[in-house]
Every structure is written in C-alpha cells, then in structure tokens.
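Each chain gets a letter, A, B and so on, in the order its sequence line appears, and its residues count up from 1.
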Protein chains: 2
Amino acid sequence: MANLGIKDIAALANVSPATVSRVFSAPDMVSKKTLNKVKKVIDEVGYRPNRMGASLRTRKSGNIVAIIPDITNPVNAGIIRAIEQGAQSAGYSVLLGDTQGLEEREQHYADLVSHGQADGILLFCSRIPFKTDPNKSLLEQLPPMVNGNERIDSDEVVQVAVDNVAAAKSAIDYLISLGHKRIAAITGPDDIASSNERLEGYQLALKEAGIELDSALQLEGDYVVESGMDCASQLLLLPQRPTAIFCFNDDMAIGVMKFLQKQGFVVPDDISVMGFDDINYAKYVTPSLTTVHQPLNEIGSTCIELLLKQLKGQVVEPGRRYLPFELKLRGSTGKAPK
Amino acid sequence: MANLGIKDIAALANVSPATVSRVFSAPDMVSKKTLNKVKKVIDEVGYRPNRMGASLRTRKSGNIVAIIPDITNPVNAGIIRAIEQGAQSAGYSVLLGDTQGLEEREQHYADLVSHGQADGILLFCSRIPFKTDPNKSLLEQLPPMVNGNERIDSDEVVQVAVDNVAAAKSAIDYLISLGHKRIAAITGPDDIASSNERLEGYQLALKEAGIELDSALQLEGDYVVESGMDCASQLLLLPQRPTAIFCFNDDMAIGVMKFLQKQGFVVPDDISVMGFDDINYAKYVTPSLTTVHQPLNEIGSTCIELLLKQLKGQVVEPGRRYLPFELKLRGSTGKAPK
DNA sequence: TAAAATTTTGTAATCGATTACTTAATTTTT
DNA sequence: AAAAATTAAGTAATCGATTACAAAATTTTA
C-alpha cells in the first residue's frame, strides 16, 4: 500500500487538495457536507498527512529540542518530564539532546534549529551554543529559547531557575542557627554557573554571621557520589574538622554520609550533612537527608510555557525568573556538638 | 537576513543546485576546484541545508522515537542515555515519548512514524501501539521497531531484554541457598509483562526447591517506594512472617527496608531484602541493597543498534535477545534466622 | 427576483532539497 | 590526434503539504 497523499484523497473525495487541507487546519471553513465526505474518505483509506510536507511549507517543524547535560541525573529527568508533558499537549514533540557536558554536542543540538529540524531550544547548560556576532545584540541573534536551571551570564536570555544564592544562603543560615561555625562546602565543578552561585550564597551567609571563611573547608566535587566520599575523607584529615558539611547536590551528600558512617562517625551527632536538590532518595537514605528542594515540575513547566509563548510569536521579557526553593529539614542535620 | 537556500548558494557559487547538494552528500563526485569554491560560499554566508526539504524528498526524517513509560525512572533514563548516544553518532535524533503509562500517548508517539516525523520506534512498553490487521502478519505491518526491556507477546517483534524469569529464579535460588524458606515477593502491576515474568521465576525457583507456594507471601506493588512500605507492613502482620522479601524493583526494596527498620527490625539479621535493577542508589542505602543488575547501557545500545540496522534496510531476525543480568550480593541479605 | 454580500471551493505557486537522466568536460587508450 | 571511456556538472521533475488569490455557489438584502 503505497502511502496516499493529499492529492489522492482529494481525487477520491472529488474535491481539491486545498479543501482536504482545510479539513484539518480550518474545518469550519468547509461546509458540513463536504467535510463529512472528505472525512469519510480519510478514514476509509487511513490517510495521515505528512508532516514533512507541511513543515516545509510552513517553516515550522513542530519540534523543540531540550539540551541537557545528562538525562540520568534525576533533577534533569524530572524537569524533562514536565517539559515533555507541556510540549505534547501543545502539539509539539521533544527532541532529546543529552550532551554529556560536551560543548560540541551542545552545538550539534542547537544546530537543529538552523537546520529547520526544531523550532526552539530549551537549554540547561551554562554557555550559549552559538557563534554569536558581538556587534549585534544577543536578543536578535537567538532563536526562541529558554535557559533553565543553569545560569547564562546575559540579561538578554530568558531564564528560569531557583535563586541559588538565596537557597544556599538559607541552607547555611539554618546550619548556623543550629550552632555550627565550622561549615564545609563541597561544590560542583567550577565551570557550572549554578555551583558558583551556591558558593556565593554559602560565603555570604558566613560573612553575615561574622564567621571567617576558611578555604580548607571549600572543596570542589563533581556531583557524583564517589566525589562526596573523596571530599569527606579530605575533610576528616583536617586538623580542625568541620561540624557540618553542605554539599551542592544530594548525590555528594549521600557519599559524604556513607563515608562518615564507614569511619564510625554518627550523622548528625558528630557531623551534620546537608544536600541540595531533594531527589526522591534523599528521604530514604539513613538518616534521611536534610536538603534544599527544587521544584522540578514547576521549573520544567515554566520553561516550556515561556518557550511556547515565544513560538506563538508573543514577546517574552528576557531576564531571570526565580522559582521558590524550600528547605527540607530531615534527619541528617542537628545541633553542633560542643 | 532571510535564510538562504540551496539555489541561492548555487547562484553565488556559479554552479547548479545539484552540485551544491553533492558537496554534502557525495563530495567525491565533485572536483576539488568546485568543491572548494562551493564550500567557500557556504561558510561565507553560513548556509545550513534545510532538513525538511531533504526529508520531504528522501522520505526520511532522521528521527527515531523512544516510547517509554517514565523518564524519571532511573532504569529508563539509563537506557535512553545509551540510545541517544548511539542515535546521535549515526546521525539520528531522538524524539522523547514519555507516556506516563497511558495507551493513548503510546499511540500518539507511534503515530509520528505514520506522519513521517520519525523513521523508527524504540518501544519500552508491553503492548503494540497500532491498530493491526489480524489477517496479515504482524511483521509486514510494523515499521522499523525494537521492543526493549519489556515483553510483547509475539515472536514477530524484535525484542531486547534481560531474561526476567531466569534472573528472578537466580535471585530466589540465592536466597534459598542462604537457608530461607519463607520468601515473599512484592511484584509490579499485573499488566506489566516483565513483572509477570519475574513472578514466574520466583515460583519456579520455589517449586524446584520443593517449597510450597503461599499466596499470602505474594503481594502486588506498583514500583514506588511507598508501595514497598505498604507491602512490608502487610507482611509483618502475617501469622508466619517471611524471612526474606524479594522486591521486583529497587525502589520498593528501599521502601521495605525503611519500613522494617522503622519497626525495629534489623536487615538482614531478622529479615533479608533483595531488589531488582541495581539502580545507582542501591549501593548507598543502609545496608547496601542486594539486587539483580540490569545492563542498562547494553540494553540501550543493543536496541538502537538493531533499529539502525533495520533503518539501513538490513533484515533483523525477529524474536527475543537476552542480555546477561548479574546478581549483586550486598549487605541487605544474610543467612536465614533459625 | 436581481444585486450585493457572504460562504465555499478551486487553481496554481511555493517551501528546499534530491536524483534520474542528459550533456559537457576531461582523461585514457590506440 | 581521434575515439572511447571516464568523470564532472547541469536540467528539471519530484516529494506533500499550505495558502494567496480567483472563481463559483449560496445566502442575504432591497
């Protein structure tokens, strides 16, 4: 069964191709009688309009591409799920661009737009994957795009995220309120904007509380469990150990706890541990992990909403939009030991 | 800057559109001299060939669609990552079809193929999302497709998975070897084929060991942590408690452990707990979780490989391909108490 | 009921590439 | 150096829809 095209349907129903097209795109422009006639033919032969044909003419692919560093990261997966949902109900499909953090791949996926294979970009990385002309304003060079969860250093980009500075600060404020003074931070890689923002919040909170910064308490991790373990072991070797460790994601916090426990420390009695993200398993480790909750669903749905707006031709004010974080106080943090 | 098309490039370079086309698709069919001439124009004006135009003509979209019940499930995410990798390096893009388990959505995504928006399907569900004509053979009605990780009841479909029967059986064999006789199973929803297969393996192992099946020890869960907790509480109410609990995924096993511990039981001294999947966090819960490892990367890469083969026009023998599972013996299982 | 207004349908150009086929240019053979 | 063989380039049809515009049919108005 060679696939039938709009012209075949038109012939079978004794109408013009234009009419068949209108049956789909503007059914109330065609009379009841012909509408039924055409519809009948359509489902008799099982006709499906070819999207490539339409896309070529309309210059809309109906796809958006989501560029993310790693889909196995539960934070990203949660966001993507919400995006997929929103896109689907607006008639869009989502192209998954898992980059493994490689710039080359970020560009590859961004290029889908210039090839007409996608109409817009949801970007979860901290660099702009285009060669841009520094003479012109960014705004007029970018395709419809929303930057989510990460930070791009430009106020001409539409951005959606949690206020990482404020979130980290409020995490540290909480630890300080428990009496902690020696508070370590295990950061993410230093080319990740959100990690740097969290670091800023950490330092801000300590300064405000009049606690001196100690660079020995600031370690760079890479967001995986093992790296939490490594950093924890370094911290334990310090002449003056921290009484609390704030990790910039939950995975590292889990690694820290695991390592401390292996060494015979009791969390939180000896050392408090705090994470960031509030992944599902944070509740179920032992002790349950105190952490900063990120509203993944809301992040995802806001991103897609703002992108869809742009795709409809509406103007979206560039700049950052902050979504509310929430401290989840659980079992891994407690009063500072004296 | 209105976007330039192949004709514009041809005009600028003083060649025919055919030649420009060949610069991309068959560069060694064009002479060095013209090749350079055309290439120069191409990157002077930043020309990007429009994929819709090409797709329309070639009837290949360059997309494949991955239909999965839930991207936030780490098992699915791991598989998808491998798929994305393989697809990308073969020049394909992946459309993400997260269905939330809804048949309607499965169909929606499968339809992308009949609309020419995707060339093939990677299906991780246990039903075929097409209306099929029972008179003809399935084989000739299906588009290029691979069914992964789940089971479809037809030997005309290309399938890739772990042998769930054997995997579950060997899990139970192991528990039996530790002296357990009262072994509970917490299954997945009963419309999930893989769950039913695991159940089969469970029952098979018990029978072979001459242990009588006890329907009170077989509870249906739904693969989330809370459901593990619920089922655990039911099992504890039994007059004769199990000494080991085999959960059909790790999340439920984590829930079971958490609940048992809350009730003051010691895992594994009082009750052993075993999971299935070997998600990343299985290693990091306390005690670490004994489970059945699924080779996510290999599942994903095998799926995409078999699909790409079909897309290249090669014939792929339908039927199941089993990938090796592995028992991960960790801290949550131990000798049966006497 | 004829004219005007409105609704419905049709015609044909168009989107941007690919490719079978033809023609032109170049190289090889004799 | 002419003929044959090979390589390079061009011509024009084609993929399947959409849509501006024109024409026909229908309804409303006077």
*Taking the side chain of B:T58 as heavy atoms from C-beta outward, which of D:dG10, C:dT19, D:dT18 is closest to it?*
C:dT19
*Could you check which of D:dA9, D:dA17, C:dA17 has an atom nearest any side-chain atom of A:N50?*
D:dA17
*B:T132 and B:Q141: side-chain donor and acceptor closer than 3.5 Å?*
no
_Residue of the set A:I67, A:I121, A:N63 for which side-chain contact (heavy atoms from CB on, under 4.5 Å) holds with A:L95_ = A:N63
Using a heavy-atom cut-off of 4.0 Å across all strands, would you classify [X] as base, sugar-phosphate, or nothing?
X	answer
A:A18	base
B:V15	sugar-phosphate
A:R22	base
B:Y47	sugar-phosphate

*What do the steps show when you test A:E305 against A:R321 for salt bridge (Lys or Arg N to Asp or Glu O under 4.0 Å), and what is the final call?*
CA-CA 13 Å; A:E305 191 188 302; A:R321 279 146 178 89; over 6 Å; no
Interatomic distance where [atom1] belongs to [X] and [atom2] belongs to [N] [whole Å]:
X	N	atom1	atom2	result
A:K32	C:dT8	NZ	P	10 Å
B:N14	D:dA9	CG	C1'	12 Å
A:M52	C:dC15	CE	P	19 Å
B:M29	C:dT19	CE	P	11 Å
A:L56	D:dA17	CG	C1'	8 Å
B:K7	D:dG10	NZ	P	15 Å
A:K60	C:dC15	NZ	C1'	13 Å
A:L35	C:dT8	CG	C1'	12 Å

*asked:* Quick test of your reading of the model: are A:E150 and A:R127 salt-bridged, counting only N-O distances below 4.0 Å?
replied: no
*If you measure from the Lys or Arg side-chain nitrogens to the Asp or Glu carboxylate oxygens, is any gap between B:K309 and B:E317 under 4.0 Å?*
no
Under 4.0 angstrom between [X] side-chain N/O and [N] OP1 or OP2:
X	N	answer
B:S21	C:dT18	yes
B:T34	D:dA9	yes
A:S31	C:dT9	yes

*Mapping B:P17 and A:S25 onto DNA chain D by nearest heavy atom, which one lands closer to the 5' end?*
B:P17
*Which residue lies toward the 5' end of DNA chain C, A:K33 or B:V20, if each is placed at its nearest nucleotide?*
A:K33
